[in-house]
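All heavy atoms count here, side chains included; hydrogens, waters and symmetry mates do not.
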Amino acid sequence: MVEKKTAITVIGNSGIILLKLQSLKECDFNDLMNSSGLEEMDFYPAIGYLLNEGKIALDSTGNSIRVRLKWL
């Protein structure tokens, strides 16, 4: 059974993603997931939270998805 993520866990994991993006400004979605060190089950809720809060944007370029900080 999959354990439900708490809001604190999701927000904490989103901080990890934001720290990575602050240094990179923009990153390929898969590269960001790999470099964050988060498992998929932790990464996806954190990305969803950041999208919902308007902190990041996703852009489609060719065959890949780019993640960028929205306030840039």
Consider only side-chain heavy atoms of I, L, V, M, F, W and Y, link residues closer than 4.5 Å, and tell whether I16 and L69 are in one cluster. yes

Can you measure from CG (L18) to OG (S36) and round to the nearest 0.5 angstrom? 11.5 Å

side-chain hydrogen bond (donor to acceptor under 3.5 Å, both in side chains) against S35, all qualifying residues, sequence neighbours excluded: none

What I'd like to find out is whether the side chain of C27 reaches to under 4.5 Å of the side chain of L21, using heavy atoms alone. yes

Is it true that, when you exclude Q22 itself, more than 12 heavy atoms of the residues, nucleotides or ligands shown sit nearer than 6.0 Å to its CD? yes

If we only count heavy atoms from C-beta on, is the D42 to V10 side-chain gap below 4.5 Å? no

Please evaluate residues K70 and K55 with respect to the criterion side chain to side chain contact (heavy atoms under 4.5 Å, CB included), reporting the C-alpha separation (whole Å), side-chain torsions for both, the decisive distance (0.1 Å), and the verdict. CA-CA 5 Å; K70 198 163 186 178; K55 301 207 182 278; 5.8 Å; no

Could you give the distance from CG (N13) to CD1 (I8), rounded to the nearest 0.5 Å? 12.0 Å

If hydrophobic clusters are built by linking Ile, Leu, Val, Met, Phe, Trp and Tyr wherever their side-chain heavy atoms come under 4.5 Å apart, do L50 and L24 end up in the same one? no

dist R68:CZ -> L32:CG (nearest 0.5 Å) comes out at 14.0 Å

Compare all side-chain heavy atoms of I56 with those of I17 and state whether any distance is below 4.5 angstrom. no

Minimum-distance pair of heavy atoms, taken over all atoms of A46 and S14: CB-N, 3.6 Å

Does F29 have any side chain to side chain contact (heavy atoms under 4.5 Å, CB included) partners at least two apart in sequence or in another chain, and if so, which? F43, Y44, I47, L58, I65, V67

Residue list, side-chain hydrogen bond (donor to acceptor under 3.5 Å, both in side chains) with S23, at least two apart or on another chain: none

Is the side chain of N34 donor-acceptor paired with the backbone N or O of N30 at a distance under 3.5 Å, no angle test? yes

